[in-house]
Number of protein chains: 2
Amino acid sequence: MGRKGEETRGRLLDATRDLIETGGYFGAGLNQVVAASGAPRGSLYFHFPGGKDQLVGESVRRAGREIGEAVRELAEAAPDAESLVAGVLGLLGDRLETSGWRKGCPVATVALEMAATSDPLHEVCSEVYGSWEGALRDRLAADGHPDPADTAVTVLALVEGALLLARAHRSREPLDRVTRRISALL
Amino acid sequence: MGRKGEETRGRLLDATRDLIETGGYFGAGLNQVVAASGAPRGSLYFHFPGGKDQLVGESVRRAGREIGEAVRELAEAAPDAESLVAGVLGLLGDRLETSGWRKGCPVATVALEMAATSDPLHEVCSEVYGSWEGALRDRLAADGHPDPADTAVTVLALVEGALLLARAHRSREPLDRVTRRISALL
DNA sequence: ATTAATATGTAGACCGATCTGTTATTCACA
DNA sequence: TGTGAATAACAGATCGGTCTACATATTAAT
């Protein structure tokens, strides 16, 4: 695959991710994807012969990897788990607010829409959440936390839930309140 | 409005709620709504002249009221906040699993899809979450909890996040893990 | 070095299906 | 007989997906 091809492929994935994050699987029409990416319709099916499901699946996976890496970088600088979670909540809050409450979690909406419908997409979402859970669990275990597995899932649920409430209220207040209470879990 | 009219109106709202819960706003096509409810297409616009947004809005509000009442009943029987939250998580877990991972939170998916797009629907979701937060806060305050406002939002975020992860993994493990760690917050 | 041949990618018209919403007509009960 | 409600045909737009023609690279042969 040449340089040019790889580039439009990436533009398609980025545009899809953006639209998915705002309106989920059904909210991301392929017409909007090609319009936003600048790529023609034919190129979409050249790079993603599996159609919309492949496009969305790779897009979610890519976004999951990106966020995972960002969290890993934050984790290196954070002295303990508590400041790490606070940092993540702060980062996500900034991203959410500056995007006009559009950019929350790129996985959540698709996960909810597809939980009972599409097996391939459900698996992608499950794997992404699993990787985040694992990274968090490892960090907690390394810090000597007494209950790393349960606590990792609990913290992830807390972050996702706070992000959901923040979008629902169009306010970072839920994120701030959760940040204030996070220490009780760690 | 006569008896018959009220009945089909209710059937339309119930069918909409079911489809919304499974696939969100975009996942609930009006063709599916009329097919599931048995009502003809024209009746839909007779009872809901505001179209899909009115139908979905009233459906979300109705579902929010129902769940709020169910929680209130559970709260009367629960000796403390901890057993109340555990009861809610258990109830939601049962509902989720027996529905084949379809019925989670009837508000969440719509809230995420519409956070940045539709002002009326965003407000409905915000109000429903607000009412749940308020009920939880009052209970915590009545129990003499030191930090009812922050804790209420945190607990709601935790429940919503756990429900999201459970649907994403098609497993009640996240709900169980969160249940085990909830006491740290209360 | 130049040209032919092949693979890679672009481009957009087009298809049937489905989407939300409208309309005119008929039904049924008071 | 008059009004609340049911009914289904219909309209325009958009959906995901397919198709063929064209342009641009890359490779190979002369």
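Here the structure is a predicted model, which means the values were calculated and not measured. In what follows, chains are A, B, ... by sequence order, proteins preceding strands, each numbered from 1.
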Peer 1: Please report, rounded to the nearest Å, how far the P atom of C/dC19 is from the CG atom of B/L44.
Peer 2: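 Value for this atom pair: 13 Å.
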Peer 1: Check each of A/L163, A/L92, A/L165 against A/L175 using the side chain to side chain contact (heavy atoms under 4.5 Å, CB included) test, and report the only one that passes.
Peer 2: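 Of the listed residues A/L163, A/L92, A/L165, the side chain to side chain contact (heavy atoms under 4.5 Å, CB included) partner of A/L175 is A/L163.
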Peer 1: Tell me whether the OP1 or OP2 atom of C/dT10 has a side-chain N or O from A/H47 closer than 4.0 Å.
Peer 2: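 Looking at the OP1 and OP2 atoms of C/dT10, one of them is under 4.0 Å from a side-chain N or O of A/H47.
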Peer 1: Could you identify which residues of residues 21-31 of chain B place a heavy atom less than 4.0 Å from some atom of DNA chain C, listed by residue number, or say none?
Peer 2: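 DNA chain C contact set from residues 21-31 of chain B: B/A28, B/G29, B/L30, B/N31.
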Peer 1: In whole angstrom, what separates B/L19's CG from C/dC19's C1'?
Peer 2: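 From B/L19 CG to C/dC19 C1': 14 Å.
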Peer 1: Do the side-chain N or O atoms of A/Q32 get closer than 4.0 angstrom to the phosphate oxygens (OP1, OP2) of D/dT14?
Peer 2: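 So the side-chain polar atoms of A/Q32 never come under 4.0 Å of the phosphate oxygens OP1 or OP2 of D/dT14.
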Peer 1: Could you go over nucleotides 19-24 of chain D and give all protein N or O partners under 3.5 Å, atom names and distances?
Peer 2:
none

Peer 1: Consider only side-chain N and O atoms of B/E58 and B/H47, and report whether a donor and an acceptor are under 3.5 Å apart.
Peer 2: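 Per modelled atom types, B/E58 and B/H47 side chains form no pair under 3.5 Å.
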Peer 1: Whole angstrom is fine here: how far is it from CZ in B/F48 over to P in C/dT22?
Peer 2: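 After rounding, the reported distance stands at 15 Å.
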Peer 1: Are OP1 or OP2 of C/dG9 and a side-chain N or O of A/T8 less than 4.0 angstrom apart?
Peer 2: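 For C/dG9, neither OP1 nor OP2 has a side-chain N or O of A/T8 closer than 4.0 Å.
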Peer 1: Round to the nearest Å and state the distance from A/Q54 atom CD to D/dG16 atom P.
Peer 2: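 Atom-to-atom, A/Q54 to D/dG16, this comes out as 15 Å.
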Peer 1: Grouping I, L, V, M, F, W and Y whenever their side-chain heavy atoms are under 4.5 Å apart, do B/L55 and B/F26 come out in a common cluster?
Peer 2: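 Shared cluster, no.
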Peer 1: Consider the side chain of B/K52, meaning its heavy atoms from C-beta on, and name the nucleotide among C/dT10, D/dA6, C/dG21 that approaches it most closely.
Peer 2: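 In terms of side-chain proximity for B/K52, the closest of C/dT10, D/dA6, C/dG21 is C/dG21.
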Peer 1: Using modelled atom types and a 3.5 Å cut-off, is there a donor and acceptor pairing between side-chain atoms of A/S126 and backbone atoms of A/H122?
Peer 2: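 Side chain of A/S126 to backbone of A/H122, a donor-acceptor pair under 3.5 Å: no, none is there.
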Peer 1: Ignoring hydrogens and geometry, is there a side-chain-to-backbone donor-acceptor pair from A/R177 to B/T151 under 3.5 Å?
Peer 2: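 Between the backbone of B/T151 and the side chain of A/R177 there is no qualifying donor-acceptor contact (under 3.5 Å).
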Peer 1: To the nearest angstrom, how far is B/F46 atom CZ from C/dT26 atom P?
Peer 2: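 Checked: the CZ to P distance equals 18 Å.
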Peer 1: Answer with yes or no whether the hydrophobic clustering places B/V128 together with B/L13; edges join I, L, V, M, F, W, Y residues whose side-chain heavy atoms lie under 4.5 Å apart.
Peer 2: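 No, no single cluster joins them.
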Peer 1: Given C/dG9, is OP1 or OP2 found less than 4.0 Å from the side-chain N or O atoms of A/S43?
Peer 2: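 Checking C/dG9 against A/S43, no side-chain N or O comes under 4.0 Å of OP1 or OP2.
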Peer 1: Say whether, by atom type as modelled, one donor and one acceptor occur between the side chain of A/S59 and the main chain of A/R17 under 3.5 angstrom.
Peer 2: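 Yes; at least one donor-acceptor contact below 3.5 Å.
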Peer 1: Check the distance between C/dG9's P and A/R11's CZ and give it to me in whole angstrom.
Peer 2: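 Value for this atom pair: 13 Å.
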Peer 1: According to ring-ring contact (aromatic ring centres under 6.0 Å, His included), who are the partners of A/Y25, at least two apart in sequence or on a separate chain?
Peer 2: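 Residues passing ring-ring contact (aromatic ring centres under 6.0 Å, His included) with A/Y25: none at all.
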Peer 1: Is B/L19 linked to A/L112 within one hydrophobic cluster, defined over Ile, Leu, Val, Met, Phe, Trp and Tyr using a side-chain heavy-atom separation of less than 4.5 Å?
Peer 2: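 No, it is not one cluster - the side chains of B/L19 and A/L112 are not joined through contacts under 4.5 Å.
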